[in-house]
K.L.:
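Dropping the structure in here first, questions after.
Along the sequence shown, the residues carry numbers beginning at 1. This one's a predicted model, so the numbers in the text were calculated from it and none came from an experiment.
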Amino acid sequence: MASSVKLAPLPQIEKLSERVIRILGCNARPMTLQGTNSYLIGKGDRRILLDTTDPGTPDYIKNLQNVLSQHKCGIQEIIITHWHADHCGSVPDVCNQVTKSQETIVSKFQRLSQQDLDISPAKYTFVENNTVFKTEGATLRAIHTPGHTEEHMALYLEEENAVFSGDTVLGETTAVFEDLQTYMGSLSKILELNPSVIYPLTVQ
């Protein structure tokens, strides 16, 4: 997904709907575009965090802390779309500096070809296709969308008919993939959902 095109800057924090706040990963580079998208999902005092960013990214942690403070909420659990470090690398930082708990639930699909990246002090809870995650104001269903990686996960947000696409569909340019045929099948899965919106959104 490298790009030589100059991309429009994105706000580091942006409320996209009544139940979705995007926190930019503060890790812009050719392979992560303006930065990895991390999402805080829900409407209550305990919300779901979808993806993080690269390890050792203090601006991301600061922005996440500010959002949680502003909305007077905490993190119920973390869901990871896939094993790449720009999505799961800051899980230890979130556990150590934000939730301050080694017991924070971190869910993802399991890699089969290799071990998942270490996220100590946290541990992964491996889930199955169609697992449902619930928090106040949001119901998310896990959808196996391999191709970018073997265990890639998209999430369907029932309340908004929305899809969090991870790296299957990007906000700009095209994704990279391990297997084209499998990747095309995952795009078909998302198309069949007929979502009203896909997060990340195309930059306007």
K.L.:
Going by ring-ring contact (aromatic ring centres under 6.0 Å, His included), name the residues that satisfy it together with Phe133, two or more places apart in sequence or in a different chain.
P.N.:
none

K.L.:
With a 4.5 Å limit on heavy-atom distance, are the side chains of Leu49 and Gln76 in contact?
P.N.:
no

K.L.:
Less than 4.0 Å between a side-chain N and a carboxylate O, is that true for Glu136 and Arg46?
P.N.:
no

K.L.:
Rounded to the nearest 0.5 Å, what's the gap from CD1 on Ile80 to CG on Leu50? Could you check?
P.N.:
7.5 Å

K.L.:
May I ask you to decide whether Glu14 forms a salt bridge with Arg22, counting only side-chain N to carboxylate O separations under 4.0 Å?
P.N.:
yes

K.L.:
Considering only heavy atoms from C-beta outward, does the side chain of Thr131 approach that of Glu128 to under 4.5 Å?
P.N.:
yes

K.L.:
Between Thr81 and Asp51, is any side-chain donor less than 3.5 angstrom from a side-chain acceptor?
P.N.:
yes

K.L.:
Who passes salt bridge (charged side-chain N to carboxylate O under 4.0 Å, His left out) against Lys123, sequence neighbours left out?
P.N.:
none

K.L.:
Please check if the side chain of Thr149 supplies one atom and the backbone of His82 the other of a donor-acceptor pair under 3.5 Å.
P.N.:
no

K.L.:
Which atoms form the tightest heavy-atom contact between Thr104 and Ala122, and what is the distance?
P.N.:
O-CB, 4.5 Å

K.L.:
Can you name the salt bridge (charged side-chain N to carboxylate O under 4.0 Å, His left out) partners of Glu160, sequence neighbours left out?
P.N.:
Arg19

K.L.:
Can you check whether Asn37 reaches Tyr199 side chain to side chain, under 4.5 Å on heavy atoms?
P.N.:
no

K.L.:
Is the backbone N or O of Gly166 less than 3.5 Å from a side-chain atom of His152, with the two atoms forming a donor-acceptor pair by type?
P.N.:
no

K.L.:
Go through the structure and list residues passing side-chain contact (heavy atoms from CB on, under 4.5 Å) with Gln110, not counting sequence neighbours.
P.N.:
Asp116, Phe126

K.L.:
Strictly below 4.0 Å, N to O, side chains only: are Glu151 and Lys108 in salt-bridge contact?
P.N.:
yes

K.L.:
Using every non-hydrogen atom in the two residues, find where Val67 and Ile21 come nearest and quote the distance to one decimal.
P.N.:
CG1-CD1, 4.0 Å

K.L.:
If you define the side chain from C-beta out and look only at heavy atoms, does anything of Thr36 sit under 4.5 Å from Leu24?
P.N.:
no

K.L.:
So, does Asp93 use its side chain to make a donor-acceptor pair with the main chain of Ile61 at under 3.5 Å?
P.N.:
no

K.L.:
How far does NZ of Lys62 sit from OG1 of Thr57, to the nearest 0.5 angstrom?
P.N.:
14.5 Å

K.L.:
Just jot down the ring-ring contact (aromatic ring centres under 6.0 Å, His included) partners of His144, sequence neighbours excluded, or say none.
P.N.:
Phe109

K.L.:
Would you check if Leu64 and Ser38 make a side-chain contact, meaning some heavy-atom pair closer than 4.5 Å?
P.N.:
no

K.L.:
Please find the pair of heavy atoms, one from Leu117 and one from Cys88, that lie closest to each other, and give the distance.
P.N.:
CD1-SG, 3.9 Å

K.L.:
Can any side-chain N or O of Asn130 pair as donor or acceptor with the backbone N or O of Arg141 at less than 3.5 Å?
P.N.:
no

K.L.:
Kindly write out the residues that satisfy side-chain hydrogen bond (donor to acceptor under 3.5 Å, both in side chains) with Thr139, not counting sequence neighbours, or none if the list is empty.
P.N.:
Glu159

K.L.:
Could you check whether any side-chain N or O of Thr182 sits under 3.5 Å from a backbone N or O of Gly147, counting only pairs where one atom can act as donor and the other as acceptor?
P.N.:
no

K.L.:
Does a side chain donor of either Asp167 or His87 reach within less than 3.5 Å of an acceptor in the other side chain?
P.N.:
yes

